Structure formats: C-alpha cells, structure tokens
Trainee: 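Below: one structure in structure tokens.
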Amino acid sequence: MRATAEQEAAREAFAAGQDLALVAGAGTGKTSTLVMMGSATRGRGLYVAFNKPIADEARGRFGRNVDCRTSHSLAHRAVGHRFRDRLAASRHMPLKRTAQLLGIDRDLAVGKRRLKPTTQARLVMEMVRRFCYSTDEQVAARHLGPVNGLDDTGAQYLAQVLLKRARWAWDDVCSPEGQLPFQHDHYLKMWALTRPRLPADFVLLDEAQDTNPVLEEIFLAQDAQRVCVGDPAQQIYEWRHARDIMSGFPGQRLELTQSFRFGPAIAEVANRWLRAASSTMQLTGHADGVSRLGRAEVPDAVLCLGYEFSDHSGRQARDPPVADDRFTRRVPHHTTMINDQALDVSPPTVHELVKVVP
C-alpha cells in the first residue's frame with residue numbers, strides 16, 4: 001500500500017532531523033509510518049512500546065537498525081536483573097508480614113480513626129509506589145494519597161508519621177538483600193534516577209498519550225532525535241498517573257488522519273465523537289473501505305473498562321495494581337448494555353461481567 005501524503009510528510013520531517021509529535025488517529029497507520037522513518041536512515045534507532053507483545057510485533061516489522069523494547073525491559077537490562085529473586089519471592093507477601101518488616105506493631109490513632117498495622121503498612125508501600133510514578137528524587141510526605149475519613153490536618157499528621165518508614169522502605173527496596181515486596185516499577189524508578197542515556201541516534205516513543213512521568217523525563221532528556229506518537233483522544237491510563245506528553249512537546253507537530261480501518265460513513269460518526277471530546281482531529285475514511293451504519297433491532301453489546309498493564313516479561317493483569325477505592329473513584333461510571341438492559345457499574349471489570357453475561 002502506498003504511503004499517504006501525511007505519512008510522506010512525516011518521513012521527510014524525520015529525515016530532516018526534526019523532533020516530532022505525531023498525532024495519529026485510529027487506524028491511520030502509525031506503526032507503518034514509524035517503520036518508514038526507521039528505514040529512512042542508517043542510524044541506530046530505539047522503538048519504545050507500551051508492552052511486550054507490541055514490542056515483539058514491531059520487531060518483526062522494523063529493520064535491523066531499530067531495537068524494539070519496553071521501558072521496563074530497558075530498565076530490567078540495566079538494573080532489574082539484579083532483583084530477579086526478590087520479584088519472585090515477594091510477589092504474594094501478606095500485609096501482616098510487610099507490617100512486621102516495617103516494625104509496625106500497634107494501632108495508630110489519627111483523629112477519630114484507628115489505623116491497624118496492616119493499614120499503615122499498605123499506606124507506606126503506597127507512598128513508595130506513588131514516588132515511583134513521580135519524577136521526584138526522594139520519597140516525600142506528599143506521596144501519601146487521600147485516606148478515607150481524614151481531614152487535611154489528620155492527613156498531614158499521618159504523612160509525617162509514615163514518612164520515616166516510607167524512606168526506610170525505599171532503602172530496603174533498593175537493596176538486592178532487602179525483604180519488602182518488590183515490584184517492576186521499583187527498578188524502573190531506580191534506573192530513571194541514574195539519568196540514563198539511551199543507546200540510539202533516534203528514539204520512537206509509542207502510545208505517548210499514556211506516558212509514565214518517569215519515562216517522560218527519560219525521553220525528554222535524550223540528546224538523540226525524538227519522535228513521540230499517539231492519540232490524545234485515546235488516553236486511558238490517567239488514573240495510573242500517565243500523561244499526554246505530545247501536547248507540550250518541543251518539536252514539530254504533525255497529524256495522521258487517513259484511517260485504513262473504516263470507510264467514510266463511520267469516519268463521519270467518529271468525527272462527531274471527536275468534536276464532543278474537544279479534539280481538533282478530523283478523520284478521513286478509506287475510500288475503498290466498506291462501511292455500513294444501521295439500527296440494531298436487538299442490541300447485544302458490552303461496553304467494558306478493563307484495567308490492563310504489562311511488565312517487561314509480558315505478564316498482564318486486569319485489575320489496578322492496588323485494591324484501593326481511591327483509584328476506582330477517579331474512574332467515571334460506565335453504562336453497560338446487556339440484552340438491551342442498562343446496568344450502571346463503576347467501573348465494570350472483565351471478571352465482574354463474566355458473572356452477568358448470559
């Protein structure tokens with residue numbers, strides 16, 4: 001298939017050495033465009049994907065001059081391999097054991113609430129996790145998230161009480177001989193703190209609308225030519241502190257609007273939804289694509305928000321990394337249609353829907 005004028009323009013801008021923010025609508029051939037860029041130079045390239053299956057698929061499409069990785073695989077190669085035993089040993093550690101390792105053995109009274117040792121341990125490890133999602137250089141009191149039942153004064157007091165343990169916890173995490181639970185985001189943060197220089201002449205960052213702030217800082221700090229690609233209208237991981245880095249990216253902004261996924265009729269409907277979402281992008285359907293819009297006499301569809309994230313090895317999970325109502329409250333309610341009956345859920349997961357789908 002011949003490249004579109006938009007794809008040609010993107011390849012030419014890349015060949016000219018420009019840093020690029022490539023806003024690519026649904027089905028507009030963003031990966032094909034990145035492959036064109038990689039083939040336009042003999043320089044060493046690095047394609048950074050969101051998860052391992054995408055990186056593996058891209059590896060079969062790019063030339064030999066482009067290495068296809070995930071951010072976690074880069075961090076694992078540099079730092080994480082030293083913690084392989086800890087990842088396996090602490091995966092299912094009970095909170096009671098975590099509290100013991102933290103030296104928390106009694107309830108803590110904060111206002112009208114009494115926090116059990118296991119609750120304190122969970123909050124301490126959450127502080128470490130939130131620190132790992134940030135660009136901060138050390139754990140701070142602000143990394144304590146909202147706690148139900150506490151006012152601002154109580155929350156500030158609790159943060160100061162737990163801060164010392166949270167910093168000790170991070171020291172333990174950073175030691176190969178440590179004992180506390182160890183997660184993949186821990187070694188990603190350790191790697192980021194080394195201010196790494198990626199071994200490439202150009203870096204292609206995919207799904208840039210959902211970039212971890214830690215990866216954003218690494219990407220923006222590179223001296224190599226930088227290209228970020230994605231679609232702000234498809235951002236879904238803001239609840240996990242991901243950000244759209246294309247909006248303020250210091251480079252030339254280009255768009256891919258010619259979709260190969262559907263024809264003009266569906267593109268027209270898609271554009272109405274894009275306008276409703278305050279997007280300036282307007283898609284063009286593929287002229288040869290077959291599109292048909294009609295009324296479904298017996299609607300039988302499920303709209304489901306499923307959490308999905310991958311580590312460097314490709315393992316995937318369907319639930320938030322921490323079972324905490326602070327995350328679910330940030331996600332809007334969704335209406336699920338099952339056999340023409342609306343069910344209000346907040347939000348449905350795959351596991352929940354299995355129970356109700358006939």
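It should be emphasised that the depicted structure is a prediction, and the values quoted were computed from it without experimental measurement.
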Trainee: Linking I/L/V/M/F/W/Y whenever their side-chain heavy atoms sit closer than 4.5 Å, directly or via other members, would Leu115 and Leu102 fall into one cluster?
Mentor: yes
Trainee: Answer whether the closest heavy-atom distance between the side chains of Tyr47 and Asp67 falls below 4.5 Å.
Mentor: no
Trainee: Has Gln258 got a side-chain atom pairing as donor or acceptor with Thr28's backbone, closer than 3.5 angstrom?
Mentor: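 Here the side-chain-to-backbone pair does not exist.
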Trainee: What's the verdict on side-chain contact (heavy atoms from CB on, under 4.5 Å) for Thr211 and Phe219, showing C-alpha distance, side-chain angles and the deciding distance?
Mentor: CA-CA 10 Å; Thr211 302; Phe219 176 71; over 6 Å; no
Trainee: Could you tell me whether the side chain of Arg275 reaches within less than 4.5 Å of the side chain of Asn271, counting heavy atoms only?
Mentor: yes
Trainee: Are there more than 12 heavy atoms of other residues, nucleotides or ligands under 6.0 Å from atom CD of Glu57?
Mentor: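 Check fails, neighbour count at 12 or below.
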Trainee: Let me know which of Met37, Glu255, Gln7 forms a side-chain contact (heavy atoms from CB on, under 4.5 Å) with Leu22.
Mentor: Met37
Trainee: Ala10 and Leu20: which non-hydrogen atoms are nearest, and at how many Å?
Mentor: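 Looks like O-CD1, 3.8 Å.
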Trainee: Compute whether any side-chain donor of one residue and acceptor of the other, for Asn51 and His72, lie under 3.5 angstrom apart.
Mentor: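 On atom types as modelled, these side chains do not qualify, holding no pair under 3.5 Å.
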Trainee: Give a yes or no answer on whether the side chain of Gln225 reaches the backbone of Asp201 with a donor-acceptor pair at less than 3.5 Å.
Mentor: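 No, the answer is negative, given that no donor and acceptor are paired below the 3.5 Å cut-off.
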Trainee: How many angstroms lie between atom CD1 of Ile245 and atom CD of Glu217, to the nearest 0.5 angstrom?
Mentor: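 CD of Glu217 is found 12.0 Å from CD1 of Ile245.
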Trainee: Ignoring hydrogens, what is the shortest heavy-atom contact between Met190 and Cys174? Give both atom names and the distance.
Mentor: CE-CA, 3.6 Å
Trainee: Please give me the minimum heavy-atom distance between Ala49 and Ala55, naming the atom from each residue.
Mentor: CB-N, 3.8 Å
Trainee: Which heavy atom of Leu95 sits nearest a heavy atom of Ala121, and at what distance?
Mentor: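 Residues Leu95 and Ala121, closest heavy atoms: O-CB, 4.2 Å.
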Trainee: For Arg69, is there any backbone N or O sitting under 3.5 Å from a side-chain donor or acceptor partner on Ser73?
Mentor: no
Trainee: Is Gln235 reaching over with its side chain to a backbone N or O of Asp210, donor-acceptor style, under 3.5 angstrom?
Mentor: no
Trainee: Flag the pair Val23 / Arg253 as yes when at least one side-chain heavy-atom distance between them is below 4.5 Å, and no otherwise.
Mentor: yes
Trainee: Just do the salt bridge (Lys or Arg N to Asp or Glu O under 4.0 Å) check on Glu137 and Lys189 with the steps written out, would you?
Mentor: CA-CA 9 Å; Glu137 296 192 2; Lys189 179 64 174 181; over 6 Å; no
Trainee: Keeping Asn65 on the side-chain end and Gly43 on the backbone end, is there a donor-acceptor pair under 3.5 Å?
Mentor: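 Yes; judged by distance alone, with no hydrogens or angles, the pair exists.
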Trainee: Which pair of non-hydrogen atoms, one from Ser71 and one from Leu188, has the smallest distance, and what is that distance?
Mentor: O-CD1, 3.9 Å
Trainee: Within a strict 4.5 Å, meaning less than it, do heavy atoms of the Arg226 and Phe202 side chains meet?
Mentor: no
Trainee: Looking at Arg129 and Asp185, is any side-chain nitrogen of the basic one under 4.0 Å from a carboxylate oxygen of the acidic one?
Mentor: no
Trainee: Please identify which of these residues, Val147, Thr153, Leu163, meets the side-chain contact (heavy atoms from CB on, under 4.5 Å) condition with Leu158.
Mentor: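 Among the candidates, only Val147 passes.
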Trainee: Under the side-chain contact (heavy atoms from CB on, under 4.5 Å) rule, what do Val110 and Leu108 come out as? Steps first, then yes or no, please.
Mentor: CA-CA 6 Å; Val110 183; Leu108 175 65; 3.9 Å; yes
Trainee: Strictly below 4.0 Å, N to O, side chains only: are Glu126 and Arg130 in salt-bridge contact?
Mentor: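 The answer is no: the pair does not qualify as a salt bridge.
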Trainee: Quick one: does Gln222's side chain have a donor or acceptor within less than 3.5 Å of a partner on Ile218's backbone?
Mentor: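 Looks like yes, one N/O pair under 3.5 Å.
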Trainee: Please test Gln179 against Arg97 for side-chain contact (heavy atoms from CB on, under 4.5 Å), starting from the C-alpha separation and ending with a verdict.
Mentor: CA-CA 10 Å; Gln179 295 181 284; Arg97 175 56 178 161; 4.0 Å; yes
Trainee: Please round to the nearest 0.5 Å and tell me the distance separating atom CD1 of Ile54 and atom SG of Cys68.
Mentor: 11.5 Å
Trainee: Would you compute the distance between atom CZ of Arg42 and atom CZ of Arg64 and round it to the nearest 0.5 angstrom?
Mentor: 14.0 Å
Trainee: Working to the nearest 0.5 angstrom, can you tell me the gap between Leu283 CG and Trp273 CH2?
Mentor: 15.0 Å
Trainee: For the pair Asp136 and Arg142, evaluate salt bridge (Lys or Arg N to Asp or Glu O under 4.0 Å) and give the outcome as yes or no after the intermediate values.
Mentor: CA-CA 11 Å; Asp136 296 330; Arg142 63 178 170 274; 3.3 Å; yes
Trainee: Does this structure show an ion pair linking Asp206 with Lys30, if we count only N-O contacts that are shorter than 4.0 Å?
Mentor: yes
Trainee: Listing request: all ring-ring contact (aromatic ring centres under 6.0 Å, His included) pairs with a residue in residues 18-45, at least two apart in sequence or in separate chains.
Mentor: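 Sorted pair list comes back empty.
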Trainee: Looking just at side-chain N and O atoms, do Glu6 and Thr257 make a donor-acceptor pair shorter than 3.5 Å?
Mentor: yes
Trainee: Check Ala26 against Ser259 and note the closest heavy-atom contact, atom names and distance.
Mentor: O-OG, 2.9 Å
Trainee: Measuring from atom CE of Met246 to atom CD of Glu207, what distance do you get when rounded to the nearest 0.5 angstrom?
Mentor: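 Those atoms lie 9.0 Å apart.
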Trainee: Is any side-chain heavy atom of Leu204 closer than 4.5 Å to a side-chain heavy atom of Phe62?
Mentor: yes
Trainee: Does Leu144 belong to the same Ile/Leu/Val/Met/Phe/Trp/Tyr cluster as Met125, with side-chain heavy atoms less than 4.5 Å apart forming each link?
Mentor: yes
Trainee: Heavy-atom distance under 4.5 Å between the side chains of Ser90 and Leu180, does that happen here?
Mentor: no
Trainee: Would Val229 end up clustered with Leu46 when hydrophobic side chains under 4.5 Å apart are linked, directly or stepwise?
Mentor: no
Trainee: Assess, by modelled atom type and distance only, whether the side chains of Asp244 and Ser247 contain a donor and an acceptor separated by less than 3.5 Å.
Mentor: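 Per modelled atom types, Asp244 and Ser247 side chains form a pair under 3.5 Å.
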Trainee: Would you say that Arg84 contacts His76 through its side chain, given a criterion of any heavy-atom pair below 4.5 Å between the two side chains?
Mentor: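 Answer yes - side chains close enough.
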Trainee: Is any NZ, NE, NH1 or NH2 atom of the basic residue among Arg86 and Asp172 found under 4.0 Å from an Asp or Glu carboxylate oxygen of the other?
Mentor: yes
Trainee: Run the ring-centre check on His286 versus Phe262 and record whether the distance is less than 6.0 Å.
Mentor: no
Trainee: Say whether Val35 and Val48 are linked into one hydrophobic cluster, either directly or through other cluster members, by side-chain heavy-atom distances under 4.5 angstrom.
Mentor: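 Not linked; separate clusters.
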Trainee: Would you give the length of the straight line joining atom CD1 of Ile104 to atom CZ of Arg122, rounded to the nearest 0.5 angstrom?
Mentor: 11.5 Å
Trainee: Is there a side-chain contact between Leu101 and Met93 (heavy atoms, below 4.5 Å)?
Mentor: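 In short, these two side chains touch, coming nearer than 4.5 Å.
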Trainee: Going through the checks in order, is the side-chain contact (heavy atoms from CB on, under 4.5 Å) test met by Glu8 and Met36?
Mentor: CA-CA 9 Å; Glu8 289 283 6; Met36 293 177 193; over 6 Å; no
Trainee: Is there a path of hydrophobic side-chain contacts, each under 4.5 Å between heavy atoms of I/L/V/M/F/W/Y residues, joining Leu254 to Leu34?
Mentor: yes
Trainee: Does the side chain of Ser32 come under 3.5 Å of the side chain of Arg61 through a donor N or O and an acceptor N or O?
Mentor: yes
Trainee: Are Phe182 and Phe83 an aromatic pair, judged by ring center distance below 6.0 Å?
Mentor: yes
